[in-house]
Amino acid sequence: MRERKSAKLNQQQPQPQLQHHQNGHLSPFKLAKLLDPDASWDKLIGFQIEKLVFMIQDQLGDVLHWTRQALGLFCGLIWGAIPLVGGLWFLLFAAVSTGIIYAYYAIVLKVDEEEFGGHGALLQEGLFASISVFLDALYRTCSAANTSNTAERFVLTTPLYYVNAPPHMGSAYTTIAADAIARFQRLLGKKVVFITGTDEHGEKIANAAAGNGSTPIKHCDSVSQAYGALWRELDISYDKFIRTTNPNHEAIVKEFYSRVLANGDIYRADYEGLYCVNCEEYKLYLCEPVNLKDEKELLENKCCPVHLKPCLDRKEDNYFFALSKYQKQLEEILEENPDFVQPSYRLHEVQGWVKNGLRDFSISRTSVDWGIPVPSDAKQTIYVWFDALLGYISALSEEEEQPSLQNAISSGWPASLHLIGKDILRFHAVYWPAMLMSAGVSLPKKVFGHGFLTKDGLKMGKSLGNTLEPTDLVHRFGPDAVRYFFLKEVEFGNDGDYSEERFINIVNANLANTIGNLLNRTLGLLRKNCQSTIAVDSAIAAEGNTLKDAVEKLVEKARQHYENLELSSACAAVLEIGSAGNVYIDEKAPWSLFKQGESGFTTASKDLIIVLEAMRIVAIALSPITPSLSSKIYTQLGYSEDQFSSITWSETRWGGLKQGHVTAPPKPVFSRIDLETEPTNTTDDTKKTSKKKDKQKTQKVVEA
Ligand code: MSP
């Protein structure tokens, strides 16, 4: 950060007229004068000019992006500096803001104009405000021009969820994480395409529809809608929702199949093995070659280790994909691109599979009707995984466009990141790259395999029936609590067990106390003592301040963690800002300083500004995780919803709260979860809790 030479607050000087104004209305300028009696008009206007220089320097700071910066600056200058255009704008600003400010003081606040310094002073104040507004507008134009057309694209995907049953907390977990990453990348100014959707073909879905006495498509429509509804409740900001029953998708799958066929990678053969319908995967092969070690251990009675259900004997005449042909290339890709599979321990797992030898796999089914017909053989349908993976590409195609692989690819492929659970790593890190290579399509840049949410150590899932109901959690605790808990408490990559008691403790301690309470009491003090007005720029208030230094380090740490997909550590770094703010305010005790009258006023009001600036930074840095809470913090700090929705990560730089800014009347941003602890059941040591006020049913956890 650059040092600024701005006017220093003079704490030694007596504070003229402070008592006189304490119960009346102080204009931002008057407050600034009280805090800095030396500040003169030319100094304050000089500061605005200095601010512009500072902003321009910032804009030009990143040499790597000099072209974009120069373009942005050029646009800004055209807008602001050509006398005819810029000059007219400026005059308009000056006239309007002078009028508004004059009217505000004279009519709304009924300020005694003599005491204020006469009409001249009021008009000067208007002029001063208009210069600020004009310079800020110029800066915003420069920034906007910088991020518009040249923004880098970031395409990320969740898995496409099976619609055999409604979503559960395990499926919601991947999507919440993807949403946090998408929001962070948007804050960086990237053009994000966040893809999610539903995987609707195959035996498992056909069985589920039959079990419900429904047709497959009606069943798919209803479960797919349930996913969409849950994403809305969880504040998921997806850009594309692909359903594999979408005709555009089907056209693209067929085209892809034909390309792979033309490349000589599809052949017909017999297949025999033990098949897990829930995994939609052969678990053990009873056909050649039999000695490959890529098979997973089956449990007793041929049970699948994930779903604990017996696998079925299957023998079919199918079309095969020549995966084994790509062994060498896959080995090289994994070797040369260690970031391709993350975390690194999953990369090692994948390397192990590939090294042990790859088996060609069947990509069609004769026994399944509910699927996309194989081109040129209508008796077979395409294997559900060969179909679904292509959803990541077909999602990119525009509705109005002719559905074609090329059109879809040119709308943003390759994906920057596939986010998946560890159970489907082999499909994404082995099958999918080989399929893409065969069709001559570029590979995604990264596959991240996260861990499982577990219940009593077992993967939570639809097939085991030990799920946690996400809608119920959201209705009881709100989306921010749910998002925060799972992202903060489960280290991304590892497994994590859910307990309601821990959920409530964490959310109350972190969101309600450390963040919510700190904001509320600081705003309360500002309202009581400073008419909710920021008396001096936060950058000036915090010159040489230790909290500011800590915040700058922590926010940079949070940024790096977000970049590395370490979401839990990113949350922890932001929370540390809140904790540091609490320690700071407790140590400084501004409430006592205010009681000392004029002598403590300067220091106390600066301390409040410093803590509120830290909270502003918390709001931005936590917005990928808790968007709705962050928006409330922003509103409490006196900003509009529009201002919140256009924030960027660069605004986590210290100095956003400006002199004269007025905060909103304090209102809690996050209510504590109050639960009555029910008597412990002695035969079952599971602690049961129920919500005091909210009569909604508590979470259902069906034990496996
Ligand atoms: N349809 C396939 C994916 C095709 S992608 C082209 C599928 N669907 S799924 O619904 O079974 O699983 C979707 C995702 O949810 C997977 O990443 C899976 O790991 C994740 N989860 C399902 N249960 C989970 C937990 N209990 N915990 C965390 N994630 C889990 O596989």
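Keep in mind that the numbers below use all heavy atoms, side chains included, and drop hydrogens, waters and symmetry copies. Atoms within a ligand are numbered from 1 in the order they appear, just like the ligands themselves.
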Item to check | Selection from Y498, W385, Y162, Y161 by shortest heavy-atom distance to atom 13 (C) of ligand 1 | outcome: Y161

Next on the checklist: List ligand 1 atoms under 4.0 Å from D423, heavy atoms only on the residue side.
Outcome noted: 18 (C), 19 (O)

Checklist outcome for this item: Between H249 and S394, the two heavy atoms sitting closest are ND1-OG, 2.7 Å

Checklist entry - What heavy-atom pair brings T244 and A388 nearest, and what distance separates the two atoms? => result CG2-CA, 4.1 Å

Checklist outcome for this item: In ligand 1, the atoms that come under 4.0 Å of a heavy atom of H450 are 28 (C), 29 (N)

Next on the checklist: Pairs of nitrogen or oxygen atoms closer than 3.5 Å, one from L160 and one from ligand 1: do any exist?
Outcome noted: yes

Checklist entry - Between G449, G170, G421, which one has a non-hydrogen atom sitting closest to atom 29 (N) of ligand 1? => result G170

Item to check | Distance filter under 4.0 Å to M460 heavy atoms, resulting ligand 1 atoms | outcome: 23 (N), 24 (C), 25 (C), 26 (N)

Item to check | Closest candidate by heavy atom, reference atom 6 (C) of ligand 1, pool Y392, F486, W432 | outcome: Y392

Checklist entry - Is it true that the NZ or CZ of K422 lies under 6.0 Å from the centre of F452's six-membered ring and within 45 degrees of the ring axis? => result yes

Checklist entry - Going by the order shown, which atoms of ligand 1 are within less than 4.0 Å of some heavy atom of D199? => result 1 (N), 2 (C), 4 (C)

Item to check | C311: partners by side-chain contact (heavy atoms from CB on, under 4.5 Å), with sequence neighbours left out | outcome: L274, C276, K283, L298, C304

Checklist outcome for this item: For D377, the side-chain contact (heavy atoms from CB on, under 4.5 Å) test, sequence neighbours excluded, returns R268, Y319, V374, K379, Q380

Checklist entry - Side chain, backbone, both or neither: which part of M169 has a heavy atom under 4.0 Å from ligand 1? => result neither

Item to check | Stepwise side-chain hydrogen bond (donor to acceptor under 3.5 Å, both in side chains) test for Y275 and D313 | outcome: CA-CA 6 Å; Y275 192 74; D313 279 308; over 6 Å; no

Next on the checklist: Show me which atoms of ligand 1 lie under 4.0 Å from any heavy atom of K459.
Outcome noted: 22 (C), 23 (N), 24 (C), 26 (N)

Item to check | Close side-chain approach of F241 to W231, heavy-atom, < 4.5 Å | outcome: yes

Next on the checklist: At less than 4.0 angstrom from any non-hydrogen atom of A388, what atoms of ligand 1 do you find?
Outcome noted: 6 (C)

Checklist entry - Of the backbone atoms (N, CA, C, O) and the side-chain heavy atoms from C-beta on, which set of L453 has a member under 4.0 Å from an atom of ligand 1: side chain, backbone, both, or neither? => result both

Item to check | Aromatic plane relationship, H418 with W432 - under 30° parallel, 30 to 60° tilted, over 60° perpendicular | outcome: tilted

Next on the checklist: Show the atoms of ligand 1 that are less than 4.0 angstrom away from any heavy atom in G451.
Outcome noted: 28 (C)

Checklist entry - A408 and I252: which non-hydrogen atoms are nearest, and at how many Å? => result CB-CD1, 4.0 Å

